[in-house]
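Remarks on the structure that follows.
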Amino acid sequence: MPLMPKRVKHRKVQRGTRKGTARSRTRLSFGEYGLKALGRGWVKSVQIEACRVAINRHMKRKGKLWIRIFPDKPVTKKPIEVRMGKGKGAPDHWVAVVKPGMVLFEIAGVPDMIARESLRLADAKLGIPTRLICRD
């Protein structure tokens, strides 16, 4: 079951704007190491789940992982081979809107090298450029 809200006020939403930088979630709040977004875009719920699995597998379920993003925006899609018009398509999947500067994942309780490699594996699953950050 992919990440998605339990219930929403509106079933279909407009695409919105992706300009600007993140205003919140820009610093480490929980862990020692984090993955910070350098680019902007939409991260699908399946990508977030793939990152979670990759990080936990490499950490061998030691330490703690915090996922700081949640896919709360529905993306619609019209069926294949359907003519133009006739309204907006049905909700297809859920995405999280990511802006530059946003912390996506945080890790604590594992050695330095394991944390770095875990976040590098997660970075490979995402479609946006990221940077590893650590607590000073």
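Residues take their numbers from the sequence shown, with the count starting at 1. Quick caveat, the model's predicted, so the values are computed rather than measured.
Heavy atoms only, all atoms of each residue included: Ala37 and Val98 are closest at CB-CG1, 3.5 Å. Residues Lys78 and Arg83 come closest through the heavy atom pair CE-O, 4.1 Å. Between Arg11 and Pro74 the shortest heavy-atom distance is O-CG, 3.5 Å. The shortest heavy-atom contact between Ala108 and Gly31 is CB-CA, 3.8 Å. A pairwise comparison of heavy atoms in Gly127 and Gln47 identifies N-NE2, 3.7 Å as the closest pair. Of all heavy-atom pairs spanning Gln14 and Lys73, the tightest one is O-NZ, 3.0 Å.
Atom OG of residue Ser118 and atom NZ of residue Lys60 lie 9.0 Å apart, to the nearest 0.5 angstrom. Between Ser45 atom OG and Asp72 atom CG the span is 11.5 Å, to the nearest 0.5 Å. Here the NZ-CZ distance, from Lys36 to Arg27, works out to 8.0 Å after rounding to the nearest 0.5 Å. The CD atom of Glu49 lies 12.0 Å from the NZ atom of Lys125; values are rounded to the nearest 0.5 Å. Atoms SG and CG, on Cys51 and Leu35 in that order, are 7.5 Å from each other to the nearest 0.5 Å. Between the CZ atom of Arg23 and the CZ atom of Arg25 there is a distance of 13.5 Å, given to the nearest 0.5 Å.
In the displayed structure, Arg135 atom CZ is contacted under 6.0 Å by more than 12 heavy atoms of other residues, nucleotides or ligands. Dense packing is recorded around NZ of Lys99, with more than 12 heavy atoms of other residues, nucleotides or ligands lying under 6.0 Å away. For CZ of Arg131, the number of neighbouring non-hydrogen atoms (other residues, nucleotides, ligands) closer than 6.0 Å is 12 at most.
Using a 4.5 Å heavy-atom cutoff, the side chains of Ile55 and Leu65 are in contact. In this structure, the side chains of Met4 and Phe70 stay at 4.5 Å or more apart for every pair of heavy atoms. Val8 is listed as a side-chain neighbour of Trp94, based on a closest heavy-atom distance under 4.5 Å. Taking the side chain as every heavy atom from C-beta outward, Leu132 and Arg116 approach each other to under 4.5 Å.
Grouping the Ile, Leu, Val, Met, Phe, Trp and Tyr side chains by contacts below 4.5 angstrom, directly or via other members, places Ile128 apart from Ile133. Note on Phe105: it clusters hydrophobically with Leu3, by side-chain heavy-atom contacts below 4.5 Å among ILVMFWY residues. Residues Val75 and Ile48 do not share a hydrophobic cluster, clusters being chains of Ile/Leu/Val/Met/Phe/Trp/Tyr side chains in contact below 4.5 Å. Under the 4.5 Å side-chain heavy-atom criterion for grouping Ile, Leu, Val, Met, Phe, Trp and Tyr, Leu126 is connected to Leu119 within one hydrophobic cluster. Hydrophobic clustering (ILVMFWY, side-chain heavy atoms < 4.5 Å, transitive): Ile107 and Val43 are in one cluster.
A donor-acceptor pair under 3.5 Å links the side-chain atoms of Arg40 to the main chain of Gly20, judged by distance alone. At distances below 3.5 Å, at least one donor-acceptor pair connects side-chain atoms of Lys12 with backbone N or O atoms of Lys88. Side chain of Arg68 to backbone of Val103: no donor-acceptor contact under 3.5 angstrom is found. At distances below 3.5 Å, not a single donor-acceptor pair connects side-chain atoms of Glu106 with backbone N or O atoms of Leu28. Put simply, the side chain of Glu117 never gets that close to the backbone of Ile114: no donor and acceptor are under 3.5 Å apart.
Side-chain N/O atoms of Asp92 and Thr76 include no donor and acceptor closer than 3.5 Å.
Seen from the ring of Trp66, Lys64 counts as a face-on cation partner, given the 6.0 Å and 45° thresholds.
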Please report the C-alpha distance between Met102 and Thr26 in whole Å, then the side-chain angles of each, then the deciding distance to 0.1 Å, and finally whether the side-chain contact (heavy atoms from CB on, under 4.5 Å) criterion is met. CA-CA 5 Å; Met102 194 177 282; Thr26 57; 6.0 Å; no
Evaluate Leu104 against Ile69 for side-chain contact (heavy atoms from CB on, under 4.5 Å), listing each step before the verdict. CA-CA 6 Å; Leu104 309 176; Ile69 54 174; 3.7 Å; yes
